[in-house]
2 protein chains.
Amino acid sequence: MTRLRTRTNTCTKLDIRTVAERADVSIATVSRTINSIPTVSPLLAERVWKAIRELDYYPNSQARSLVSGRSRIFGLIVPEITNPFFPELVQGFEDIAVENGYEMLVSSTNNDPGRMSVCIRRMLERRVEGVAVMTFGVEEPLLQQLSERKIPLVLTEFLLDTPHVSTLLLDYKMGFRLGVEHLVKLGHRHIAFISGPLALHSARTRREAFLASLKEFQLPIRESWMVEGDHTLEAGVRGFQALADQGEIPTAILCSNDMTAIGVLKAAYHAHVRVPDDLSVIGLDDIRFSEYTLPPLTTIRLSGVEIAQAAFHALQAQAESEKGKDGVRKYPISTSLVVRESTAPARTINIFPFPR
Amino acid sequence: MTRLRTRTNTCTKLDIRTVAERADVSIATVSRTINSIPTVSPLLAERVWKAIRELDYYPNSQARSLVSGRSRIFGLIVPEITNPFFPELVQGFEDIAVENGYEMLVSSTNNDPGRMSVCIRRMLERRVEGVAVMTFGVEEPLLQQLSERKIPLVLTEFLLDTPHVSTLLLDYKMGFRLGVEHLVKLGHRHIAFISGPLALHSARTRREAFLASLKEFQLPIRESWMVEGDHTLEAGVRGFQALADQGEIPTAILCSNDMTAIGVLKAAYHAHVRVPDDLSVIGLDDIRFSEYTLPPLTTIRLSGVEIAQAAFHALQAQAESEKGKDGVRKYPISTSLVVRESTAPARTINIFPFPR
DNA sequence: CTGAGTAGAGAAAAGCTTTTCTCGAGGCCG
DNA sequence: CGGCCTCGAGAAAAGCTTTTCTCTACTCAG
């Protein structure tokens, strides 16, 4: 028989055995109850739940994963956390992960590829069941470490040619097509582009998608209007100046992310170039802030939350797939155009100097 | 004797025993080597490290913490991740935690106090060794759950009257004093305040600190100039309008965080109120973005990174303190004023209507 | 030269859970 | 009425590491 104890007994340790004793059942029965294994009679289950509530017991997840061989943790590697796009993505991932009984282990490389190895070591030590790598980057050799261990992996649009790797196909083509089309309809023919760092695979992909759209609409391509940035706000400021310094600037600037576009807005303001009257600006991402810039930013929407959810589903599909098939898939992520107030009909081509 | 194997042997499992066999030593010796316990002869240690490198072995952190009773995980609970202040804090915490061999478990309540219990359950299941609660909030009863289990806790300026709780003393008094002083020196005498949601303890504290500063400088206190917001950008927009609707607005608005201040900047712009010529605006936080608003925001700096580091040190001190003392302390966090371009000498009091 | 002490290393237990194995009781069919 | 099957539940093993206990061989002092 179980002796009654006070509810707040802080002295004894609180493990599954304690619960079993209090409910007067075996340890196995408690475990089965917790895991909703149906071979427990309702009578005992009720006793167990009562004991759990009274003791305020929480199973030790470390012991659980040790024995079950499943950590129920997914890793998420992001390049930085300063760019608001990524917090949105992280939050989206946390939400869906927790909802589905998984834990999330975030790690940021802080835009330093050298830190990727630290991130991966953390993932391996915690025995994550999958990793979503959102750095849009170039660290194939390191990722091999994961895929060699058959750890499910999700990458964005970069095709690592190994098993256990799912891919998110971000539809930049469509996005830039919509953006350029929008500008063309407004009468723009001279469009500049501020890219991300071209060392990044995704930055090159975006640039190519932009160029493809220019070709599609038979717009002129001028090398000097293709400026390389680094996805920061400062890159937008510098990019605008680089364009302005050429003495003649296009009537529209398309940026490969919103932070850059916001930098362009700021630089344009200081140069007394009016947006959208003198210059149309389009970003990419649709971060929250874009709605609140002056003027509100027209942008190509790429939903961080949608990416996060797709990444989670990809990992879950792989982690929980049957032995036979590996659950690897490609997940298309669509883009769309959000028209706000940073774009307007083109004037004639802007001839510098604007007042600086 | 150990048989030589190919480097990429993917078939066998990779645990400490594998390493021991390959290095031809006992499991205990491998463990001691990994943990830098000095009773291992250099010769064996070298053999062990070689085997670890060759096998690319990473210890299973779950098994480690299960047996050692130390998870080396600290929890971090934040209210939201959309407000850029928190990503900065999270990043700061991750950096210092990883640097010191700890793991971080972030959890966001998404501004929904109801989600706090989910956050706490995650913390308890993962057996964190401490939790930093950065919600600036009101969830004492829930936190009892943690302190009852003797889990080290760090809170911001709210004094939970139990052991195992360290406190970060954010010096709002000094911050608002500096802000108000700055405005007074510029000739302002009519200062409004947009607070956070007054249900939050910290919002009330900030409000009181502001009022104390008004008194100190013998400025008029007008209830209608004390607007309640909710720390969002929209709150700044609404707050400005609420003040404008009164027909007469003060010459300066102090906001209880930067997002609100940015909202005020936006609303003022749309109302054709020029900042700083017609209206001075001061925020609080000094998020990265504040440097890039139009105009750049004068703000009371409260460093998320500094808070994160203090929180980590507080938890570490408690987690690693000797049995005798509990390591509980109070950590002062200083504030300072960052003067940018959203403040300027006061004109005469603004009389509405501005064009809306 | 002998005995005590110590350093270095292995064997084994412990930590908390899941999961497999085992067992008894009860139901059903022939 | 007996044998087989199934259901419900307990006992015990397993999972991977740390840590304690134990043992051997050596050093050094008397």
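In what follows, every chain begins at residue 1, and chains take the letters A, B, ... in the order their sequences are listed.
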Discussion item. Can you tell me which nucleotide in D:dG10, C:dG10, C:dT17 comes closest to the side chain of B:Ala28?
Written reply: C:dG10

Worksheet item: Would you say D:dT18 has OP1 or OP2 under 4.0 Å from some side-chain N or O of B:Ser68?
Response: no

Discussion item. Around atom CZ of A:Arg17, are there more than 12 heavy atoms from other residues, nucleotides or ligands closer than 6.0 Å?
Written reply: no

Discussion item. Quick check: on DNA chain C, is the nucleotide nearest B:Ala63 upstream (toward 5') of the one nearest B:Leu44, or the reverse? Name the residue that is more 5'.
Written reply: B:Leu44

Worksheet item: Under 3.5 Å, side chain of B:Glu94 to main-chain N/O of A:Ser108, donor-acceptor pair present?
Response: yes

Response to the item:
Residue pair A:Ile34/B:Arg32 against DNA chain C: nearer the 5' end by closest nucleotide is B:Arg32

Worksheet item: Within the structure, does a side-chain N or O atom of A:Ser31 lie under 4.0 Å from either OP1 or OP2 of C:dT17?
Response: no

Discussion item. Looking only at the side chain of B:Asp15 (C-beta and beyond, no hydrogens), which of the listed nucleotides D:dC16, D:dG10, C:dT18 gets closest?
Written reply: D:dC16

Item to complete: Write down the distance between CG (A:Asn60) and C1' (D:dG15), rounded to a whole number of angstrom.
Response: 13 Å

Worksheet entry | Atom-to-atom span, CG of A:Leu14 to C1' of C:dG15 - whole angstrom | 15 Å

Discussion item. Tell me whether the side-chain N/O atoms of A:Thr29 come closer than 4.0 Å to OP1 or OP2 in D:dG10.
Written reply: yes

Worksheet item: Separation of B:Arg17 atom CZ from C:dA11 atom C1', in whole Å?
Response: 12 Å

Worksheet item: So, A:Asp15 and A:Thr18: side-chain donor and acceptor under 3.5 Å apart, yes or no?
Response: yes

Discussion item. At 4.0 Å (heavy atoms only), tell me whether A:Ile27 reaches a base, stays on the sugar-phosphate, or touches nothing.
Written reply: base

Practice prompt. Remember a base hit wins even if backbone is also touched, and classify B:Ser41 as base, sugar-phosphate or nothing at under 4.0 Å, heavy atoms.
Written response: sugar-phosphate

Worksheet item: B:Asn35 has an atom CG; how far is it from atom C1' of D:dT20, in whole Å?
Response: 15 Å

Fill in: Phosphate-side-chain proximity, B:Tyr57 and D:dT17, N/O vs OP1/OP2 below 4.0 Å
yes

Fill in: Between C1' of C:dT19 and CD1 of A:Ile16, the distance in whole Å
12 Å

Worksheet item: Is B:Ile77 close to B:Thr135 at the side-chain level, that is, under 4.5 Å between some pair of heavy atoms?
Response: yes

Worksheet item: Quick one: is B:Thr39 getting a side-chain N or O under 4.0 Å of the C:dA9 phosphate, OP1 or OP2?
Response: no

Worksheet, complete the sentence: Here the distance between atom C1' of C:dC16 and atom CD of A:Glu21, to the nearest Å, is 14 Å

Item to complete: Mind calculating the distance between CG (B:Leu66) and C1' (C:dG15) to the nearest angstrom?
Response: 4 Å

Worksheet item: Hey, does the side chain of B:Thr29 reach the backbone of B:Val25 with a donor-acceptor pair shorter than 3.5 angstrom?
Response: no

Worksheet item: Which whole-number value in Å describes the distance from B:Ile37 CD1 to D:dT19 P?
Response: 6 Å

Discussion item. Which nucleotide wins on minimum distance to the side chain of B:Val25, given the candidates C:dG10, D:dT18, D:dA11?
Written reply: C:dG10

